[in-house]
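What you see below is based on every heavy atom in this structure, not just the backbone, and it leaves out hydrogens, waters and symmetry mates. Lettering of chains follows the sequences in order, A, B, ..., and the numbering in each one begins at 1.
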Amino acid sequence: MVQVRVAEKEKAYPEGVSFFEVLKDLDKGLLKKTVAVRVNGVLRDLRARLDSTDTTIEPVDIESKEGIEICRHSAAHVMAEAVRSLYDNVKVAIGPAIEDGFYYDFDTERPFTPEDLEKIEARMKEIVKADHPIIGKSVGKAEALEFFKAKGEIYKEEIIAGLEGDEVSVYSQADFTDLCRGPHLPSTGWIKAFKLTGTAGAYWRGSEKNKMLQRVYGTAFASRKALEDYLARIEEARKRDHRKLGRELDLFTTSEDIGAGLVLWHPNGSTVRRVIEDFWKGEHVKGDYSIVYTPHIAQVGLWKTSGHWDFYRENLFSPMDVEGQEYIVKPMNCPFHIQIYKTHLRSYRDLPVRYAELGTVYRYERSGVLHGLLRVRGFTQDDAHIFMTPDQLEEEIKGVLNFTLYILKSFGFNEFDIYLSTRPEKYVGALENWAKAESALKAALESTGLEYSVDPGEGVFYGPKIDIKIKDVIGRSWQCSTIQVDFNLPERFDVTYRDESGHEARPIMIHRALMGSLERFFGCLVEHYAGAFPFWLSPVQVTVLTVTQRNDEYARSVYKRLREEGLRAELDIRNEKLGYKIREAQLKKIPYQLVIGDSEEADGKVAPRQRGGESLAPESLDGFIERAKRENRP
RNA sequence: GCCGGCGUAGCUCAGGGGUAGAGCAACUGAUUCGUAAUCAGUAGGUCGGGGGUUCGAUUCCCCCCGCCGGCUCCA
């Protein structure tokens, strides 16, 4: 007999009884929302049986992260079963649960079409309805190898060959057997809600060198309601898509005639960008940065010296010939800033030197990776390079980190995911410098009191870095800020300063971008605010609307005054009904609509209406201007 | 770059071997109107580009460009 505890309850059962039976006996209600159990810290199937060491059983709730993962994983198996039953000569590869869903990779005779997706989903529904038991067992490695070999499952063979230990576990449902660690649902009927979401090509083991397999994506949830909520969230994200809003609000476009990944900023988008840039410049001047400008092209030798020519050649635009010299469009700003630094002999007393630039760079991104404003070929970095003595490193990083957070918060981002990336396998620079820099970054992070995680080996070849991802209102993360320590470039460009004893010494550099690229950051802002920018960023802040043409003259004077006060105003005196004009202003997401009718004109007032639909009491123009000015800042 | 899908009026989309259609937007006229769409009329397209098949291609085939979903990549 085994003494079993589940939550508060305790009872003895004979060995060999399944966890399912134990729960059924002890707490039927609990069983209903349980998909697996954790026993002594290990996840097990409900079908698994008690053995002598099992004492405490923790049920895994279907709504829990692990519970949903188990559902998704089982759904992936159901999909594999469906695909194998529908198509000949299919080999299955891997099929894990992922964030928001699951996928399974198949090696097929031909790629899947959208029609295939429907067929597969329909077959999956049949399999769920048939409620096949999902049974796991442990088998010898040799036996498993033989089994999958006989079935022609070469990918499974490869996986098994790479596994440690003598035993592997396999799961079977109906006539489909898969290599799998588990756990799984007790039977296919336990899958409550799923949907296939797409197909894609995906390389075996993620390497371009390997064969491209067919991946089918899907998702599964604990209930139909949860699935519907998820689909509604996707729909919400779709509504916020910066590419859609960019067109609707006339913010930006790209043009086939110009080229992929090159952005045209329309007047509305340009206004937002200008406000961002003005704010950025002002804050940098306050923060003791020097703002600089540098050319868009330069001799390729600069990039050979920097090392980018060797490391990133496939992402540089081809050189152009200028009187026998090779020039390229710049992929980075750093060498220019270094050249400026080097025009003078620097003393330790001059450091740190901070150069900031809204520098437009061009990188040849492979066509398949381009995406709206988020991944483009020409973009403007809010770049800066700081030259300092090694002693100044920690203090400087703290300063940069706090500055970054301040700027991001000014744009309405208050939640961050912060990562410290440490030395990668391929690196340059002395180990002791790496250690020093990593500990300086760490100390700076700790001084903020914010949580962060370490990405081991994810640093750049020339130094460790801090990356900050901002979270938008619907919880998505966007990589924007990066703070990178660099030992490489000062060396390569022979950057120096005179230390306290008058000797030549090597400064350390920091590269940092707060918004990353203006394009990406702008795209992120659009989605964060769903196009309804805060007042200080809105392309048009106020629109003056007349009720009838009798009010045109007064409306003009209101409009003129608003412009004189530096507010971005528009005047709509078209011969249309008020409702029509309001609707249009609303769709343009203009923060304030000033309604001007006979009564406002008679009283010398304006009647503000807010973007949200709320009408404010008529007030004097001065009063409104005061309100607007109060809101016209971060 | 790779896999799949898509490209028709400014936008959203329908159509389909015999040279195209709707709604909204635009323009013109009437209406002078109070917080999300007044009515009527007009105009608008080398059907992404190039080549091929065909008596005839926007439709079928090939190549290219661009966009979308992924993979890979992202200093």
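Of the C1' atoms belonging to B:rC73 and B:rC60, the separation is 37 Å, rounded to the nearest Å. Comparing the P positions of B:rA57 and B:rG49 gives a spacing of 15 Å, expressed to the nearest Å. For the C1' atoms, the distance linking B:rC13 with B:rG70 amounts to 26 Å, nearest Å. Rounded to whole Å, the C1' atom of B:rG56 lies 40 Å from the corresponding atom of B:rA40. As rounded to the nearest Å, B:rG17 and B:rU54 have C1' atoms that lie 9 Å from one another. Comparing the P positions of B:rU8 and B:rA14 gives a spacing of 10 Å, expressed to the nearest Å. The P atoms of B:rG5 and B:rA9 are separated by 22 Å, rounded to the nearest whole Å. Separation of the P atoms belonging to B:rU28 and B:rG21 is 25 Å when rounded to the nearest angstrom.
Within the nucleic acid shown, A:Phe461 has no heavy atom closer than 4.0 Å to any nucleic acid atom. At the heavy-atom level, A:Gly459 lies nowhere under 4.0 Å from the strands shown. Among the protein residues, A:Ala200 comes within range of the nucleic acid bases, having at least one heavy atom under 4.0 Å from a base atom. Within 4.0 Å (heavy atoms only), A:Leu213 reaches no atom of the nucleic acid at all. Here A:His511 lies out of heavy-atom contact (under 4.0 Å) with every strand. Among the atoms of the strands shown, base atoms are found under 4.0 Å from some heavy atom of A:Ala607. Residue A:Gln484 is in sugar-phosphate contact alone, with no base atom involved, counting any heavy-atom pair closer than 4.0 Å across all strands shown. Residue A:Ser599 is classed as a base contact, given a heavy-atom separation below 4.0 Å to a base. Residue A:Gly368 is in base contact, counting any heavy-atom pair closer than 4.0 Å across all strands shown. A:Tyr103 comes within 4.0 angstrom of no nucleic acid atom, judged by non-hydrogen atoms across all strands. Here A:Glu248 lies out of heavy-atom contact (under 4.0 Å) with every strand. A:Gly307 comes within contact range of no nucleotide atom at all, as no heavy-atom separation falls under 4.0 Å.
Put simply, the side chain of A:Arg366 and the base of B:rU72 share a donor and an acceptor less than 3.5 Å apart. The base of B:rU32 is not paired with the side chain of A:Arg550 by any donor and acceptor separated by under 3.5 Å. Interface remark: the A:Glu600 side chain does form a donor-acceptor pair with the B:rG34 base, using a distance-only criterion of under 3.5 Å. Side-chain atoms of A:Arg205 stay outside donor-acceptor range of the base of B:rC71, with no qualifying N/O pair under 3.5 Å. For B:rG70, its base never sits under 3.5 Å from the side chain of A:Tyr203 at any donor and acceptor pair.
The pairing partner recorded for B:rC67 is B:rG5, the criterion being a Watson-Crick or G-U wobble arrangement whose two distances lie under 3.5 angstrom.
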- prompt: Should A:Glu235 and A:Arg238 be marked as a salt bridge (charged side-chain N to carboxylate O under 4.0 Å, His left out) after you check the CA-CA gap, both sets of side-chain angles, and the distance that decides it?
  reply: CA-CA 5 Å; A:Glu235 178 61 21; A:Arg238 209 181 59 76; 3.0 Å; yes
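Closest to the side chain of A:Arg609, from the set B:rA36, B:rC71, B:rU38, is B:rA36. Distance from the side chain of A:Val369 is smallest to B:rG1 among B:rG7, B:rG1, B:rA36. Of all nucleotides listed (B:rA75, B:rC71, B:rC68), B:rC68 comes nearest to the side chain of A:Arg243. Listed nucleotides: B:rG1, B:rA75, B:rA26. Nearest to the side chain of A:Pro331: B:rA75. The side chain of A:Met212 sits closest to B:rG70 out of B:rG4, B:rG70, B:rA36. Among the nucleotides B:rC73, B:rA75, B:rC33, the one closest to the side chain of A:Arg375 is B:rC73. Distances from the side chain of A:Glu208 to the nucleotides B:rG70, B:rU72, B:rC33 place B:rU72 closest. With B:rU38, B:rC33, B:rG69 as the choices, the nucleotide that has an atom nearest any side-chain atom of A:Thr548 turns out to be B:rC33. For A:Ala260, the listed nucleotide lying nearest its side chain is B:rC67; candidates were B:rC67, B:rG34, B:rG4. In the set B:rA26, B:rG7, B:rC2, B:rA26 carries the atom at the smallest distance from any side-chain atom of A:Arg574.
Position along RNA chain B of the nearest nucleotide to A:Arg247 versus A:Gln593 favours A:Arg247 as the more 5'-ward residue.
You can call A:Tyr312 stacked on the base of B:rA75; the centres are under 5.5 Å apart and the planes sit within 30°.
The residues A:Arg366 and A:Glu314 are annotated as not salt-bridged, no charged nitrogen and carboxylate oxygen being separated by less than 4.0 angstrom. Classification of A:Arg476 and A:Glu527 as a salt-bridged pair holds, one side-chain N sitting under 4.0 Å from a carboxylate O.
Between the side chains of A:Asp116 and A:Tyr87, at least one donor N or O lies within less than 3.5 Å of an accepting N or O. Between the side chains of A:Thr294 and A:Lys330, at least one donor N or O lies within less than 3.5 Å of an accepting N or O.
The aromatic rings of A:Phe252 and A:Phe522 stand perpendicular to each other, their planes meeting at an angle above 60°, with 30° marking the opposite boundary.
Judged by the 6.0 Å distance and 45° axis criteria, A:Arg72 is not positioned over the aromatic ring of A:Phe102.
Residue A:Phe461 is tested with A:Tyr427, A:Trp434, A:Phe311 for a ring-ring contact (aromatic ring centres under 6.0 Å, His included); the sole match is A:Phe311.
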